[in-house]
A.B. asks: 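I'd like to ask you about the structure that follows.
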Amino acid sequence: MPTQTEIMERIVALCRRRGFIFGSSEIYGGIGGFWDYGPLGCELKKNIKDVWWEDMVRNPPPGPGGREFQMVGVDCSIIMNPNVWVASGHVGGFSDPMVDCTECKKRFRADKAWVARLAQDSVVVFVAVEAESREEAVQATMQALTARQKKDLGMPGKTFTEEYVAAGALPSHWKRICPACQSDALTSPRSFNLMFETFVGALQDAASKAYLRPETAQGIFANFRNVMDSTRVKIPFGIAQVGKAFRNEINPRNYTFRSREFEQMEIEFFCHPGESRMWYEYWRDVRINWYTQLGIKSDKLRPREQGKEELAHYSCGTTDIEYLFPFSEEPQELEGVAHRGDFDLKAHGKHAKGDENAFAVVDDDKQSRDRQGAGGAAEKTPADRYVPHVIEPSAGADRFTLAVLCEAYSFDESRASPEFMKFHPRLAPIKAAVFPLVAKDGLPEIAEPIFREIKKHYPCQYDAKQSIGKRYARMDEAGTPFCFTIDGQTKVDGTVTVRSRDDASQVRIDKSRCLEYLRERLRLGV
RNA sequence: GCGGGUGUAGCUCAGUGGUAGAGCGUCACGUUGCCAACGUGAAUGUCGAGGGUUCGAGUCCCUUCACCCGCUCCA
């Protein structure tokens with residue numbers, strides 16, 4: 001029985017061997033955190049993005065109670081005015097200063113390592129703890145004080161002065177104590193900016209500095225007014241975008257899971273504040289179902305509602321949709337469905353227009369109610385306008401691609417082809433293959449027209465080389481759900497063999513029905 | 001940034017100072033004819049890079065680079 005680590009290694013090996021995923025720039029020794037999709041991988045990922053667009057944008061499931069709503073798409077530039085990232089909070093908060101202990105080699109976030117200076121008369125004691133907040137630091141410090149230190153300070157009873165400073169801001173005369181080993185060996189805070197910087201124009205000066213977007217969401221928010229003004233969308237509605245994003249991860253890990261360049265599939269859904277909870281629940285359920293329908297087993301898919309303490313300060317609720325990858329004992333996030341309140345539109349209103357209500361919309365429902373009540377057109381008052389709330393289902397295209405690969409990977413030693421990729425047919429890179437059993441006796445002449453017909457409608461491959469077993473095995477590794485084989489009997493009665501990937505079963509159908517059969521089976525999702 | 005590991009054919013690896021190899025895969029030809037069959041043949045190497053020691057380095061020494069794992073981080 002292979003371990004989870006061994007399974008992951010086999011998946012990685014198969015992905016490379018069969019051209020799903022390569023390390024970027026391999027011929028130059030590679031580059032960490034960047035990946036290339038090969039011929040099969042790019043088809044798979046494209047299918048994932050296309051299916052997402054089809055199911056979420058062009059034809060989303062009906063809203064709560066059959067409620068109608070609109071979805072539209074945008075495709076925004078990767079480099080935006082840098083002020084976008086000031087407004088979004090990424091310039092201020094997207095870098096984490098870190099401190100290292102030169103003694104025990106541990107590293108801490110500078111705002112989470114606290115040093116306490118406790119003094120009474122001439123006695124001064126420094127104690128360091130790890131803590132999320134000052135309150136926690138106080139508590140932890142009191143627990144961490146040794147008996148000797150308590151005696152020096154005359155605790156309990158006598159008064160002493162307490163000062164708490166996070167490691168990011170220690171005064172120069174303080175000891176830089178490490179929370180782990182308590183030695184005086186912490187470095188000064190060093191900043192790790194997680195946004196990639198670049199320069200727009202020929203001059204590389206501060207004024208031309210720009211960033212590669214760390215998320216696609218801000219392009220949507222920045223175009224909120226444009227979309228409202230150029231289309232006839234009415235709240236509630238959503239704007240979707242699929243595109244690359246970049247984060248300079250300190251340490252990319254776990255195959256493609258934490259990449260520095262990755263692709264997001266994001267929706268910002270705008271709704272009335274009074275209905276935001278309802279839409280949040282709608283999108284949470286829609287997104288969970290979407291993964292399930294594409295064949296992700298429910299016991300590996302783990303929706304997890306974030307606790308209050310985990311939530312970003314502006315959020316009223318977030319569900320992480322997590323998947324249990326073979327490389328980890330903990331489920332890892334595929335998507336976050338976040339209730340973001342009016343934080344983003346207000347932030348851009350304030351930064352771009354100097355008014356946090358700049359992107360408020362007219363409350364049509366209230367207008368019509370008032371008009372009915374007053375028996376005529378009512379004047380618009382500030383109360384008739386509101387800044388929409390936002391529900392943000394933000395999915396990782398590469399992460400889901402990886403989850404699909406892991407989920408599809410199957411191993412059955414009793415088969416002639418023990419390794420096979422059990423992709424959902426909608427996602428399979430190749431939908432069918434056509435084989436003449438042997439490359440002679442007129443069989444290729446029968447097989448080729450069948451191949452050409454299918455290929456017009458579905459990604460399909462023709463293979464006449466080597467033994468039939470090898471050809472089935474190759475298609476199993478590529479995750480092709482069906483193979484049509486033309487043999488001697490075809491010449492007699494016109495039937496061909498259809499061989500199924502998942503159970504290697506075979507049925508005979510008339511050669512004229514191949515495309516029809518394939519279409520039917522793909523539609524059924526079998 | 002710290003510690004550990006690994007770099008030889010597309011992949012898995014052998015080669016312990018003396019001609020760069022095997023298996024698998026790929027390709028060609030033949031044979032077989034429904035589950036990685038068999039035979040013959042072929043292609044594929046800056047042995048991660050640079051320097052040193054040596055008559056001679058894949059092998060020993062130094063430096064360096066890249067990747068992987070752990071720590072750290074994951075907004």
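Just so we're on the same page: letters track the sequence lines, and every chain starts at 1.
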A.B. asks: Roughly how many Å apart are B/C68 and B/C62, using the C1' atom of each and rounding to a whole number?
C.D. replies: 24 Å
A.B. asks: Would you mind telling me which residue lines up with the more 5' stretch of RNA chain B, A/Arg399 or A/Trp35, judged by nearest nucleotide?
C.D. replies: A/Trp35
A.B. asks: Which base, if any, makes a Watson-Crick or G-U wobble pair with B/C29, both distances under 3.5 Å?
C.D. replies: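 WC or wobble partner is B/G39.
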A.B. asks: Between A/Arg18 (CZ) and B/A36 (P), how many Å, whole number?
C.D. replies: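 Interatomic distance, CZ of A/Arg18 to P of B/A36: 16 Å.
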A.B. asks: Starting from P on B/C68, measure out to CD on A/Glu249 and report it in whole angstrom.
C.D. replies: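 Computing the A/Glu249:CD to B/C68:P distance gives 14 Å.
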A.B. asks: I'd like to know whether the aromatic ring centres of A/Tyr323 and A/Phe325 sit less than 6.0 Å apart in this structure.
C.D. replies: yes
A.B. asks: Does B/U46 pair with anything, Watson-Crick or G-U wobble, both distances under 3.5 Å, and if so, with which nucleotide?
C.D. replies: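 Paired with no nucleotide.
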A.B. asks: In whole angstroms, how far is the P atom of B/A36 from the CZ atom of A/Arg471?
C.D. replies: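 It works out to 12 Å between those atoms.
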A.B. asks: Go ahead and name the base partner of B/A9; Watson-Crick or wobble counts if both distances stay under 3.5 Å, otherwise write none.
C.D. replies: none
A.B. asks: When the P atoms of B/C65 and B/G50 are compared, how many Å lie between them, rounded to an integer?
C.D. replies: 15 Å
A.B. asks: If you only use heavy atoms from C-beta on, which nucleotide in B/C35, B/C68, B/A37 is closest to the side chain of A/Gln506?
C.D. replies: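 Ranking B/C35, B/C68, B/A37 by closest atom to the A/Gln506 side chain puts B/C35 first.
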A.B. asks: Look at the side-chain N and O atoms of A/Lys470 and state whether any lies under 4.0 Å from the OP1 or OP2 oxygen of B/C35.
C.D. replies: no
A.B. asks: Does the structure show a Watson-Crick or G-U wobble partner for B/G3, both distances under 3.5 Å? Name it, or say none.
C.D. replies: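 Its partner is B/C69 (Watson-Crick or G-U wobble, both distances under 3.5 Å).
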A.B. asks: Using a cut-off of strictly less than 4.0 Å, decide whether A/Thr485 has a side-chain nitrogen or oxygen near OP1 or OP2 of B/C34.
C.D. replies: no
A.B. asks: Among A/Arg415, A/Lys470, A/Arg18, whose salt bridge (charged side-chain N to carboxylate O under 4.0 Å, His left out) with A/Asp476 holds?
C.D. replies: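 Looking at A/Arg415, A/Lys470, A/Arg18, the match for A/Asp476 under the salt bridge (charged side-chain N to carboxylate O under 4.0 Å, His left out) is A/Arg415.
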A.B. asks: Over how many whole Å does the gap from A/Ile21 atom CD1 to B/G10 atom P extend?
C.D. replies: 21 Å
A.B. asks: How far does the P atom of B/U46 sit from the matching atom of B/U59, given to the nearest Å?
C.D. replies: 16 Å
A.B. asks: Which one, B/C27, B/A36, B/G33, comes nearest to the side chain of A/Leu437?
C.D. replies: B/G33
A.B. asks: Write down the distance separating the P atoms in B/G25 and B/G17, rounded off to the nearest Å.
C.D. replies: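 Approximately 34 Å lies between the P atom of B/G25 and that of B/G17.
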A.B. asks: Quick one: is A/Gln466 getting a side-chain N or O under 4.0 Å of the B/U32 phosphate, OP1 or OP2?
C.D. replies: no
A.B. asks: Taking 4.0 Å as the cut-off, does a side-chain nitrogen or oxygen of A/Lys465 come that near to OP1 or OP2 on B/A28?
C.D. replies: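 For A/Lys465, the contact criterion (side-chain N or O under 4.0 Å from OP1 or OP2 of B/A28) is met.
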A.B. asks: Ignoring the backbone of A/Arg253, work out which of B/C27, B/G70, B/U32 is nearest its side chain.
C.D. replies: B/G70
A.B. asks: When the distance from CD of A/Glu477 to P of B/G25 is rounded to whole Å, what number comes out?
C.D. replies: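 Computing the A/Glu477:CD to B/G25:P distance gives 11 Å.
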A.B. asks: By the 4.0 Å heavy-atom rule, please label A/Arg499 as base, sugar-phosphate, or nothing.
C.D. replies: base
A.B. asks: Considering only atom C1', compute the distance from B/G58 to B/U19 and round it to an integer number of Å.
C.D. replies: 14 Å
A.B. asks: Using the C1' atom as the point on both nucleotides, what is the distance between B/C47 and B/C60, in whole Å?
C.D. replies: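 It works out to 16 Å between them.
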A.B. asks: For A/Glu263, does its backbone N or O pair with a side-chain atom of A/Asp398 as donor and acceptor, under 3.5 Å?
C.D. replies: yes
A.B. asks: Can you see if the side chain of A/Arg17 gets near the phosphate of B/G25 - specifically, an N or O under 4.0 Å from OP1 or OP2?
C.D. replies: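 No, outside the criterion.
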A.B. asks: Can you figure out which of B/G10, B/C34, B/A36 approaches the side chain of A/Ser417 most closely?
C.D. replies: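 In terms of side-chain proximity for A/Ser417, the closest of B/G10, B/C34, B/A36 is B/A36.
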A.B. asks: Can you tell me, in whole Å, how much space there is between the P of B/U32 and that of B/A42?
C.D. replies: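 One P to the other, the span is 24 Å.
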A.B. asks: Round to the nearest Å and state the distance from A/Asp476 atom CG to B/C34 atom P.
C.D. replies: 18 Å
A.B. asks: Under 3.5 Å, is there a donor-acceptor pair linking the side chains of A/Asp493 and A/Thr495?
C.D. replies: yes
A.B. asks: In whole angstroms, how far is the C1' atom of B/U31 from the CG atom of A/Asp441?
C.D. replies: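 Computing the A/Asp441:CG to B/U31:C1' distance gives 13 Å.
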A.B. asks: Just name whichever nucleotide pairs with B/G17, Watson-Crick or G-U, keeping both distances under 3.5 Å, else none.
C.D. replies: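 Paired with B/G17, as far as the under-3.5 Å criterion goes, is no nucleotide at all.
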A.B. asks: Across all strands shown, which nucleotide pairs with B/U59 by Watson-Crick or G-U wobble geometry, both distances under 3.5 Å?
C.D. replies: none
A.B. asks: Which is more 5' along RNA chain B, the nucleotide nearest A/Glu333 or the one nearest A/Asn254? Just name the residue.
C.D. replies: A/Asn254
A.B. asks: Determine the Euclidean distance between corresponding P atoms of B/G23 and B/U72; express it in Å to zero decimal places.
C.D. replies: 46 Å
A.B. asks: Identify whether the distance between the nearest side-chain nitrogen and carboxylate oxygen of A/Glu268 and A/Arg340 falls below 4.0 Å.
C.D. replies: no
A.B. asks: For the side chain of A/Lys440, starting at C-beta, report the closest nucleotide among B/C34, B/U32, B/C11.
C.D. replies: B/U32
A.B. asks: For residues A/His424 and A/Glu407, is any side-chain donor paired with an opposing acceptor at under 3.5 Å?
C.D. replies: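 There is no such pair between these side chains.
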A.B. asks: Whole Å only: how far is the CG atom of A/Asp463 from the C1' atom of B/U26?
C.D. replies: 13 Å
A.B. asks: Considering all heavy atoms of both residues, which atom of A/Glu249 and which atom of A/Arg260 are nearest to each other, and what is their separation?
C.D. replies: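 Smallest heavy-atom distance, with atoms named: O-NH2, 2.8 Å.
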A.B. asks: Does any donor atom in the side chain of A/Asp487 or A/Thr490 lie under 3.5 Å from an acceptor atom in the other side chain?
C.D. replies: yes
